[in-house]
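To keep things clear, I will list the structure first and then write my remarks on it.
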Amino acid sequence: MNVTDLTSNSDLLRAAFHSAPIAMLLLNGSGRVITANERFQADFGHTQETLAEQEIERIVPMNHFAFDPDNRDRVMRILATKLSDPEQGASIRHEDGSLVPVRIEVEQLPTPNGTTAVCTFVDLSDRDTERYKAERKIKELKARNLELSRFAYGTSHDLKAPLASITGLLEFCIEDLNDGALDEVREQIETSLELCKDSASRIDAVFEVTRVGEMLFPIEEVNLEALVREIWHERSGGQDGRVELLLDANHASPIQGERPTLRVIIENLISNAIRFRDTDKSTLLVKIQIRTTPEALSLTVADNGTGIPADRHRDVFKMFRHIESRSRNGLGLALTKRHVERLQGSIEFRSIPGEGTEFSVELPLVQDDGR
Amino acid sequence: MNIPVVIVDNAEADRYIARRRFSRAEGFGECVEYTSGLDFIQDFSAANTNSPRDPTTPTVVLMDISMPGKNGFQVIDEYVSSIGKKPDAPNLIFVMYTSSDAMLDREQAASMPQVSGYVQKPLRSEDVLHIRELAG
């Protein structure tokens, strides 16, 4: 039944159509607007005058198929299929030009003059934002949960392991005391003490990583080039074979920053570059590049060391992941990354096994006026 | 018959503890140590090794779980898929050696047919007796 042809109930139906609490359009068989109800006009800004006789594709963008202006029937059929598909993600062009995400439903009514399509439109904007926010929050919480359980497993394992060793050694001590083997007792106790010391400093390192969020250091003047050279001097001493630093510092100096934090970041990167050297190469070469713009500091530390195997790349910044035997407590880069992120910066790396690794850190700079 | 022992563990103290327990127990022969799964696999995949391995004599392999690089389970998987299937492969009795009492680790060990035992650190004399029984 063509709604506009009704006589007996036409006033009632017209009133019902216009006062319906959902945006509605009636389209004729060629996909042109017959009429829009009050709610549609209110929601999307168009008026009856601007809509009358308009082709539907002028307000409902349909990117997925080409128009054939001579084949309106086909347009209508495609319209009905496309718009009724909840996966498609439709939108309507508001009178002000913006696109509003909507859910569209289309019902085709056969009438003596052809088909009339009754279309309803539900504005999804608020709902989308809320759902998007909720989904993002869930993802964030899942990631945090995973990190927490990894942390719990890693902590309990890495801290329990030395205790098991110390227990074994002390059990030997008791047996040896019974046998009067005092030299063994002494050696075993000394080893136990070393393990205790290692364990304690490992616990400190773990706490340091977890407490990064609470840290706040004063902003002071930092001469980056001098800091890098100082740390290099501390870390590169006592290496077998040649170690060389290429420092390319082309930056405004000094900068304003948290000296202790910058020190931890640079220390970790340099110590990794030195520790994971490739013994097949005669010289360990570390290239450090420092650049500043008024807003940001960029620091790159590249080495020609052994590189990181591709299947371990995802573990690089995780806690307790000992990538290989030269890894110490598996916490250095996790700590570095937390500091970088606390300062609203970013850290990435590229690595090719056998060739070397390059870490890049970007940190926003504190402006001179303290911002 | 004296069963040779292989210890794969990156922690020196734990290798020492195992070595001492085995050397003072009956029924065990030479103790060979590796600090990483990589070294163990390299040595055992060599076609000719310094000590000829008789496939019928079992060798106990005490395998640490948590090691940098590949963990103990991964090492065993790799050994089995590359060498273990060959007809002249040595008869290795794998025993997991770990401070972990975690359910997941025990379950994983139980699910691997190549793993014959699971011992919690520190190794004690009773554990060594138990391992001697496993080796037959």
Handout entry: Residues, nucleotides or ligands: over 12 heavy atoms within 6.0 Å of A/Glu348 CD
Key = no

Practice task
Please say whether more than 12 non-hydrogen atoms of neighbouring residues, nucleotides or ligands are located less than 6.0 Å from NZ in A/Lys287.
Solution key: no

Problem - Interface moiety of A/Ser327 toward chain B, non-hydrogen atoms closer than 4.5 Å - result: neither

Handout entry: Side chain / backbone / both / neither for B/Asp9 at chain A, heavy atoms under 4.5 Å
Key = neither

Handout entry: A/Leu284 to A/Ala273 - nearest heavy-atom pair and separation
Key = CD1-O, 3.6 Å

Handout entry: Residue A/Leu169 versus chain B: region with a heavy atom under 4.5 Å
Key = both

Problem - Side-chain donor/acceptor of B/Asn71 to backbone N/O of B/Gln74, under 3.5 Å - result: yes

Practice task
Test A/Thr336 against every option in A/Val361, A/Val209, A/Val212, A/Ile265 by the side-chain contact (heavy atoms from CB on, under 4.5 Å) rule and name the one that passes.
Solution key: A/Ile265

Exercise for the section: Would you confirm whether the ring centroid of B/Tyr118 sits within less than 6.0 angstrom of the ring centroid of B/Tyr97? Expected result: no

Problem - Which atoms of B/Arg24 approach chain A - backbone, side chain, both or neither, heavy atom under 4.5 Å - result: side chain

Exercise for the section: Below 4.5 Å from any heavy atom of chain A, which atoms of B/Gln120 appear? Answer side chain, backbone, both or neither. Expected result: side chain

Practice task
Any chance you could lay out the salt bridge (Lys or Arg N to Asp or Glu O under 4.0 Å) test for A/Glu234 and A/Arg229, step after step, and finish with the verdict?
Solution key: CA-CA 9 Å; A/Glu234 287 163 15; A/Arg229 289 202 188 279; over 6 Å; no

Exercise for the section: For atom CD1 of A/Ile352, decide whether the heavy atoms of other residues, nucleotides or ligands shown that lie under 6.0 angstrom number more than 12. Expected result: no

Problem - Contacts of type salt bridge (Lys or Arg N to Asp or Glu O under 4.0 Å), residue A/Glu355, not counting sequence neighbours - result: none

Exercise for the section: Go through the atoms of A/Arg326 and report whether side chain, backbone, both or neither lie under 4.5 Å from a heavy atom of chain B. Expected result: neither

Handout entry: Those residues of residues 299-309 of chain A, ordered by number, that approach chain B below 4.5 Å (heavy atom to heavy atom)
Key = none

Exercise for the section: Look at atom CD of A/Glu140 and say whether more than 12 heavy atoms of other residues, nucleotides or ligands are closer to it than 6.0 Å. Expected result: yes

Handout entry: For chain A, the option from B/Glu12, B/Arg21, B/Lys121 that forms the most heavy-atom pairs under 4.5 Å
Key = B/Arg21

Practice task
Mind jotting down which residue pairs meet the salt bridge (Lys or Arg N to Asp or Glu O under 4.0 Å) criterion with at least one end in residues 191-209 of chain A? Sequence neighbours excluded, please.
Solution key: A/Asp158-A/Arg202

Exercise for the section: Using distance alone, with no hydrogens and no angle criterion, decide if B/Thr35 and B/Asn10 have a side-chain donor and acceptor under 3.5 Å apart. Expected result: no

Exercise for the section: Side chain from CB out, backbone as N, CA, C, O: work out which of these in A/Ile166 comes under 4.5 Å of a heavy atom of chain B, or both, or neither. Expected result: neither

Problem - Residues of residues 170-189 of chain A contacting chain B, heavy-atom criterion under 4.5 Å, by residue number - result: A/Glu171, A/Phe172, A/Glu175, A/Asp176, A/Glu184, A/Gln188

Handout entry: Verdict with supporting geometry, B/Lys70 and B/Glu78, salt bridge (Lys or Arg N to Asp or Glu O under 4.0 Å)
Key = CA-CA 10 Å; B/Lys70 285 203 197 301; B/Glu78 194 178 315; 3.4 Å; yes

